[in-house]
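Structure, as structure tokens:
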Amino acid sequence: MSLRTTLRKVLPTISTTEQEALDAGDVWLETGIYQGKPDFNGLRSIPVAKLTDEEQAFLDGPVAELIDMIDDFEIQNSIHLPEKILNFLKKERFFSLIIPKAYGGREFSPYANSTIVGTISTKSSGVAVTVMVPNSLGPGELLMHYGTDEQRAFWLPRLADGTDIPCFALTSPEAGSDAGGIPDEGIVTMGEYKGEQVLGLEVTWDKRYITLAPIATVLGLAFKVKDPQNLLSADQNLGITCALIPHDHKGVELGNRHKPMGVNFYNGTTRGDKVFIPMEFIIGGQKNIGNGWKMLVSCLGAGRGISLPAMGASTAQVSFKSAAEYCAVREQFGLSIGQFEGIQEKLADIAGKAFLQESMRVLTTEGLGMGLKPAIVTAIAKYHMTEIGRDVLNSAMDIQAGKAIQCGPQNTLAQGYIAQPIGITVEGANILTRNLMIFGQGVMRCHPYLQNMVETIHSDENGSDKKFNKILLSTVGYSVSNSLRAFSLGLMPFMASANSSLAEVRPYEKAINKLASKLAVYADFSLLVLGGKLKQAEMLSARLGDVMSYLYAAMASIRYYEQKVATEDKEQAKAYFHYATRWSLLQAEQALFKFLDNFPSTATKHLMKLLTLTYNEKMPKISDDLVRELAKQAQLDTQIKKQLTHLVKVTPGSGHEINENAYKAKLECLDLLAKVKKGLRAKVFKSGVRFPDTLGNAFTANVITADELKKLLDYNTKRELAIRVDEFDFDMNLLSTDTNEVERKIA
């Protein structure tokens with residue numbers, strides 16, 4: 001019995017849906033990481049993402065106007081999004097960011113799309129989701145790539161100007177992340193359409209969690225097609241198919257709403273029972289029956305790589321801006337809380353991860369902007385950026401404590417905190433994304449020979465044994481090469497390459513090369529020892545996926561620091577860069593050790609350790625000194641801080657404006673505050689019961705002038721407003737808060 005025959009009994013075949021997922025999309029930087037040779041030359045040659053004049057004008061105009069219009073507290077205490085906002089979104093073509101200009105769309109870049117969604121998200125998750133969905137996986141993108149000329153000519157202009165609102169129905173009660181298992185079906189049959197008997201499909205479906213469904217005028221629908229009468233094919237099961245159905249088509253049910261976490265974006269159900277649709281409703285026409293899954297997975301890049309990571313980045317930026325300003329103005333025991341090390345540890349983590357989030361957002365959209373559809377990278381961005389967003393938001397909530405839990409217009413965190421779990425579930429639940437998708441697809445797409453080997457093992461073609469032996473020989477050579485490289489770098493770590501012109505970057509570049517070389521070896525041995533069982537060993541494979549992910553994050557941090565941070569700002573940015581990159585590398589190294597600790601074969605485990613000389617942790621640690629330095633930088637009004645909070649637009653009367661006014665007022669008074677404290681220590685005057693009393697005593701003692709007293713009192717008024725929370729009347733009329741009244745009470 002040949003080795004190929006033996007392996008055929010052991011290794012499972014690749015299912016049709018798995019094969020279509022593997023064939024869809026592209027591979028990119030993750031390939032070099034997986035193979036142990038990260039492509040830093042490729043990283044540095046990527047065109048730098050920039051907004052065009054038209055895109056910047058849209059941000060400065062319609063987006064800024066939209067931000068001014070949004071009162072998210074009002075939205076979350078209402079039933080519907082305000083009609084004026086929906087009309088504005090339609091009028092300004094917010095739903096056409098990805099639609100070509102030839103059809104009336106804006107045709108913006110992925111980077112611009114991400115920036116727009118992220119900016120809106122800092123003000124309102126509900127409005128951001130409303131904008132996000134038509135520009136993500138849905139009818140617009142599917143039509144652009146797969147629609148007929150007639151379908152594009154009819155639907156795209158209507159989607160572009162808001163005449164039609166789209167939704168896309170994929171998730172069923174019985175099939176969520178397992179979208180390939182949807183039970184909804186369409187039966188090929190004859191039926192009546194426009195008074196004539198035509199060939200079509202009788203479709204029955206039951207869908208849930210469908211965003212915009214309650215207000216949609218056109219329904220995108222995924223279902224399985226069956227042909228029991230063999231009207232189209234000898235095969236009765238023709239596969240997943242995508243159709244576009246007007247909402248008023250006979251039998252279509254739209255309208256019932258869900259209430260996701262109380263965040264009032266439109267999300268609901270759609271159903272239909274034996275609804276007849278003509279073949280012309282199928283996206284791309286009759287020829288595309290059975291191609292729906294391939295169409296869907298190839299178009300997932302927008303949702304996974306643009307919208308959801310943008311929301312993760314916006315969460316980090318809101319958390320960073322809000323926490324840093326609060327740390328500076330909130331005082332306890334006579335000191336701003338930003339001077340306490342417990343707070344500094346949290347604040348530094350928020351700041352470093354805000355740098356990392358923006359780095360990953362920019363790099364991922366740069367890849368998409370090159371025309372790529374990197375399925376693995378977008379899965380990495382979706383999973384890790386939504387999880388990091390949740391992490392930093394929790395830290396910001398901890399820092400602001402009581403202020404963070406009192407809902408109202410002044411609270412900058414609460415609505416984001418409530419909405420945060422939603423992004424974790426979209427485009428595949430995060431548990432699935434991490435445990436099955438990242439490494440599961442990565443191992444097949446990034447290994448130079450594995451996919452061909454599996455296909456050859458299960459092939460019945462003549463010459464398969466000869467082809468298999470050739471692939472096997474190449475695979476063995478590849479694995480030996482990986483082992484030799486990892487052993488050499490373990491024995492002589494100074495041999496790791498680094499081409500950066502910046503001295504502070506080169507050690508990290510070397511570290512990434514060393515960790516990637518180990519990943520390649522561990523992946524090879526996992527396939528050799530576990531084979532098909534690796535697919536079920538989710539905890540092991542997920543850790544290898546984590547290594548890929550965190551090395552990608554570290555590369556993103558390096559690129560952002562090299563390309564996006566101006567030379568004159570690099571000194572201020574170093575602490576951010578060091579924290580973000582070290583954190584990523586530490587996570588990657590810890591994932592490798594967890595993988596080794598739990599590998600089921602003891603002999604193989606020791607061999608892998610020997611080949612890679614992996615016996616103790618070697619990545620640079622995040623020291624207390626780095627935490628202190630970054631916490632200090634985070635509280636300064638620097639260009640890099642502005643760069644890492646640029647998605648947050650400060651509007652009049654908002655919580656961000658209140659916080660920012662107090663923060664900037666304090667920065668302008670630092671020398672005066674120092675003068676007052678010096679006078680207190682010297683006992684030139686006495687401390688008062690309240691701070692204004694102390695200032696009055698300082699003025700009487702001629703420590704400060706009348707103008708200085710006025711400036712300090714102005715700061716104190718702004719400070720007191722910033723540390724207060726929203727108050728409501730006894731009847732809990734939550735929509736009637738009067739910031740001016742609060743200001744008058746403080747004054």
Side-chain angles (χ1 to χ4, degrees), residues 80-81 86-87 89-91 93-100 102-106 129-172 182 184 186 193-194 200-201 203-223 240-257 265-273 275-286 288-289 292 295-296 299 302-303 307:
H80 302 291
L81 286 180
L86 280 174
N87 290 336
L89 295 177
K90 295 175 185 178
K91 172 175 157 300
R93 292 178 291 148
F94 275 83
F95 298 144
S96 71
L97 302 182
I98 65 172
I99 294 176
Y103 296 101
R106 293 197 173 274
V129 170
T130 303
V131 171
M132 176 184 89
V133 170
N135 295 296
S136 181
L137 174 62
E141 188 168 13
L142 290 169
L143 283 167
M144 284 159 48
H145 293 289
Y146 300 105
T148 64
D149 291 341
E150 293 79 7
Q151 288 172 337
R152 285 194 288 264
F154 178 79
W155 287 112
L156 290 179
R158 297 172 65 86
L159 294 174
D161 65 12
T163 300
D164 280 306
I165 300 295
C167 69
F168 192 84
L170 176 62
T171 304
S172 302
I182 56 176
D184 315 286
Y193 180 65
K194 293 183 178 179
L201 301 165
V203 189
T204 298
W205 71 91
D206 179 9
K207 304 286 192 179
R208 65 178 180 180
Y209 306 158
I210 311 306
T211 300
L212 297 189
I215 61 169
T217 61
V218 59
L219 167 67
L221 185 68
F223 54 91
I240 296 174
T241 299
C242 297
L244 205 57
I245 310 173
H247 75 116
D248 55 1
H249 186 71
K250 184 178 179 180
V252 175
E253 295 180 27
L254 291 169
N256 286 344
R257 291 181 65 177
F265 65 92
Y266 294 105
N267 185 269
T269 64
T270 174
R271 299 179 178 92
D273 183 25
V275 177
F276 180 78
I277 63 171
M279 289 296 179
E280 66 186 64
F281 281 12
I282 296 170
I283 296 176
Q286 183 176 316
N288 266 350
I289 287 179
M295 293 159 59
L296 290 169
C299 290
S307 302

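In this chain, numbering begins with 1 at the start of the sequence shown.
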- line: In this structure, OG1 of Thr130 is separated from CZ of Phe265 (nearest 0.5 Å) by 8.0 Å

field: With sequence neighbours excluded, residues passing ring-ring contact (aromatic ring centres under 6.0 Å, His included) with Tyr103
entry: none

- prompt: Would you say the side chain of Phe168 lies within less than 4.5 Å of the side chain of Leu296, judging by non-hydrogen atoms?
  reply: yes

query: Thr211: what forms a side-chain hydrogen bond (donor to acceptor under 3.5 Å, both in side chains) with it, not counting sequence neighbours?
result: Asn267

- request: Answer yes when Lys90 and Asp161 have at least one side-chain N-carboxylate O distance shorter than 4.0 Å, and no when they do not.
  value: no

message: For the CD1 atom of Ile99 and the CG atom of Leu143, what is their distance to the nearest 0.5 Å?
response: 8.5 Å

field: Counterpart residues, side-chain hydrogen bond (donor to acceptor under 3.5 Å, both in side chains), relative to Trp205 (two or more places apart)
entry: Thr270

task: Output all residues satisfying salt bridge (Lys or Arg N to Asp or Glu O under 4.0 Å) with Arg257, sequence neighbours left out; order by chain, then residue number.
output: none

statement: OG of Ser307 to CG of Asn135, rounded to nearest 0.5 Å, is 7.0 Å

Audit row: Cys167, Tyr266, side-chain contact (heavy atoms from CB on, under 4.5 Å) steps and yes/no: CA-CA 10 Å; Cys167 69; Tyr266 294 105; over 6 Å; no

- request: Give the minimum heavy-atom separation between Ser136 and Ile98, together with the two atoms involved.
  value: O-CD1, 4.5 Å

field: Sequence-distant partners of Arg271, salt bridge (Lys or Arg N to Asp or Glu O under 4.0 Å), two or more places apart
entry: Asp206

field: Donor-acceptor contact below 3.5 Å, side chain Gln151 vs main chain Gly284
entry: yes

message: Applying side-chain contact (heavy atoms from CB on, under 4.5 Å), can you list everything that pairs with Pro166, at least two apart in sequence or on another chain?
response: Pro134, Pro139, Leu159, Val218

Nearest heavy-atom neighbours spanning Arg152 and Gly147: NH1-O, 2.5 Å

statement: Rounding to 0.5 Å, atoms CH2 (Trp155) and CG (Leu142) come to a distance of 13.5 Å

task: Please round to the nearest 0.5 Å and tell me the distance separating atom OG of Ser172 and atom CG of Asp184.
output: 3.5 Å

- request: Would you please name every residue forming a side-chain hydrogen bond (donor to acceptor under 3.5 Å, both in side chains) with Asn288, sequence neighbours left out?
  value: Asn291

field: Those residues that, when tested against Ser96, pass side-chain hydrogen bond (donor to acceptor under 3.5 Å, both in side chains) (two or more places apart)
entry: none

statement: Rounded to the nearest 0.5 angstrom, the CE-CD1 distance for Met295 and Ile283 is 5.0 Å

field: Where Leu170 and Lys207 come nearest, the two heavy atoms and their spacing
entry: O-NZ, 2.9 Å

For a quick test of your reading: what N or O donor-acceptor pairs under 3.5 Å do the side chains of residues 247-255 make, sequence neighbours left out?
unit_1, atom_1, unit_2, atom_2, d
His249, NE2, Phe276, O, 2.7

message: Under the rule for side-chain contact (heavy atoms from CB on, under 4.5 Å), what residues qualify as partners of Glu280, not counting sequence neighbours?
response: Tyr193, Pro278

query: Which atom names give the shortest non-hydrogen contact between Ile282 and Thr241, and what distance separates them?
result: CG2-CG2, 3.8 Å

task: Could you point out which residue of Thr217, Leu219, Ile165 forms a side chain to side chain contact (heavy atoms under 4.5 Å, CB included) with Leu212?
output: Ile165

- request: Name all residues meeting the salt bridge (Lys or Arg N to Asp or Glu O under 4.0 Å) criterion together with Arg93; count only those two or more places apart in sequence or in a different chain, and write none if there are none.
  value: none

